[in-house]
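One structure is given below, encoded as structure tokens.
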Amino acid sequence: MATRAPDRLAAVPPNRQAGPRLRRQLVHQLDVKGSPYAYVAPFFLLFSAFGLFPLAYTAWVSLHEWTLLQDEQTFVGLENFRTLLADDYFWNATFNTLSIGVLSTVPQLLLAIWLAHLLNRPLRAQTFFRITLLLPNVTSVVAVVVIFSQLFGRDFGMINWVFSLVGVEGVAWNEGVLSSHFAISTMIMWRWTGYNALILLAAMQAVPRELYEAATIDGASGMTQLRKITIPVIKPTIIFVVITSTIGAMQILAEPLLFGSYLVTGGVDRQYQTLSLFIYENFTKLDFGYASAISWMMFVFIVVVVGVNYLLTRRGKGGLT
């Protein structure tokens, strides 16, 4: 009686089939769920090393009488903060920072929206104009301040020379509070307006053209389209620009330092000393504990000001009006 040969194509037992399938499913799930964390991990590692650790260490230093002139750093608790809140120089620097920030941020935002709106229309040599807007931002801040310091010079500055042509007396720009704030704000506006305009332009490029075509058919002017269509649609980008501009305005250092010819007091009467410059002054005195307390107070002010700006710009957020 002939025996039946074993079937080589017989099905593999179910338990042997399930193993590779389960492994593939497990690898797929790990790839889907774990890959995003792996991609963002370098950022968090670098942020922890160069962001969170310095922030925490600065908080620890602010609780000490920490100076390089002493061998021991005495723990004083919140004494540096109590001294800081009673320091007139600190509140003067806070006022100067807010004043320069408002004078530079508000006109800068309005001008950036207007420039982006112009470049969003059909123009010849659009690429040339867009590159031109970015040139002030890539220019060295030292060169910018040197040039504007010459323009705002009291005796031989071009601006005072123009004033003399119309019979107006020249202004000592770096001696007064308002005049120095205006001069420094002009430098900041010149450097960052084009950069912010390009960010807003990128958002405007995503606005559907059908909205503008319909508005044009209805007889809406360019300014009406800007107010009723463009601004409501790109409001999230405007909020982003406001927040980044506010943070930058609260951290102004190079412009007032160079405008005052490396005078860390921000003028003879501290008329344009900002918080960053006040921190730098205390670091030059090797008083690290007090400087760290100022840094943390500036951090709190930035969070508060950014939060207020966010609430104000986000109010009324919605669709087209």
Write down the atom of [X], the atom of [Y], and the distance for their closest heavy-atom approach.
X	Y	result
Pro136	Thr132	CD-O, 3.3 Å
Tyr195	Leu134	CD1-CD1, 4.1 Å
Val142	Leu258	CA-CD1, 3.7 Å
Ser180	Asn174	CB-CA, 4.3 Å
Met298	Met250	SD-O, 3.5 Å
Ser179	Val171	CB-CG1, 4.0 Å

* Asked: Which hydrophobic side chains are connected to Phe95, either touching it within the sub-4.5 Å cutoff or through other members that do?
  ->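 Phe95 shares its hydrophobic cluster with Val177.
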* Asked: Apart from Val102 itself, what residues make up its hydrophobic cluster when side-chain heavy atoms of I, L, V, M, F, W and Y under 4.5 Å apart count as a link, directly or indirectly?
  ->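 For the cluster that includes Val102, the remaining residues are Val106, Leu110.
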[X] (side chain) donor-acceptor with [Y] (main chain) under 3.5 angstrom:
X	Y	value
Asn160	Glu169	no
Trp91	Leu85	yes
Ser104	Gly101	yes
Asn196	Trp192	yes
Asn80	Ser62	yes
Glu65	Phe75	no
Thr274	Ile252	yes
Thr216	Tyr212	yes
Ser245	Val242	no

* Mind checking whether Phe299 and Trp296 have parallel, tilted or perpendicular rings, split at 30° and 60°? ->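 Correct class here is perpendicular.
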* Do the rings of Trp173 and Phe163 sit parallel, tilted or perpendicular, given the 30° and 60° boundaries? ->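 The rings of Trp173 and Phe163 sit tilted, inter-plane angle from 30° to 60°.
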* Asked: Of His181, Gln273, Gln271, which meets side chain to side chain donor-acceptor pair (under 3.5 Å) against Asn96?
  ->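 Between Asn96 and the candidates, side chain to side chain donor-acceptor pair (under 3.5 Å) is satisfied uniquely by His181.
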* Asked: Without hydrogens or angle criteria, can the side chains of Thr224 and Ser221 be said to hold a donor-acceptor pair below 3.5 Å?
  ->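 Side chains of Thr224 and Ser221: pair found under 3.5 Å.
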Any chance you could measure [X], atom [atom1], to [Y], atom [atom2], to the nearest 0.5 Å?
X	Y	atom1	atom2	value
Phe152	Phe182	CZ	CZ	5.5 Å
Asp218	Gln225	CG	CD	9.5 Å
Leu98	Leu275	CG	CG	7.5 Å
Tyr280	Ile294	OH	CD1	14.5 Å

* May I ask you to test the Leu257-Val145 pair for a side-chain heavy-atom distance under 4.5 Å? =>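 Result no, sub-4.5 Å side-chain heavy-atom pair not found.
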* To do: Report yes if the side chains of Thr74 and His64 come closer than 4.5 Å at any heavy-atom pair, otherwise no.
  =>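 No, every pair of side-chain atoms sits at 4.5 Å or beyond.
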* Asked: Considering residues at least two apart in sequence or located in another chain, which fulfil the side-chain contact (heavy atoms from CB on, under 4.5 Å) criterion with Glu175?
  ->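 Scan of Glu175 (side-chain contact (heavy atoms from CB on, under 4.5 Å), adjacent residues dropped) gives Arg154, Ala172.
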* For the residue pair Trp60 and Tyr57, is the inter-centroid distance of their aromatic rings smaller than 6.0 Å? ->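 No, ring centres 6.0 Å or more apart.
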* Lys285/Glu281 salt bridge by N-O under 4.0 Å criterion ->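 The answer is yes: the pair qualifies as a salt bridge.
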* To do: Please lay out, stage by stage, how Thr265 and Phe278 fare under the test side-chain contact (heavy atoms from CB on, under 4.5 Å).
  => CA-CA 7 Å; Thr265 57; Phe278 189 42; over 6 Å; no
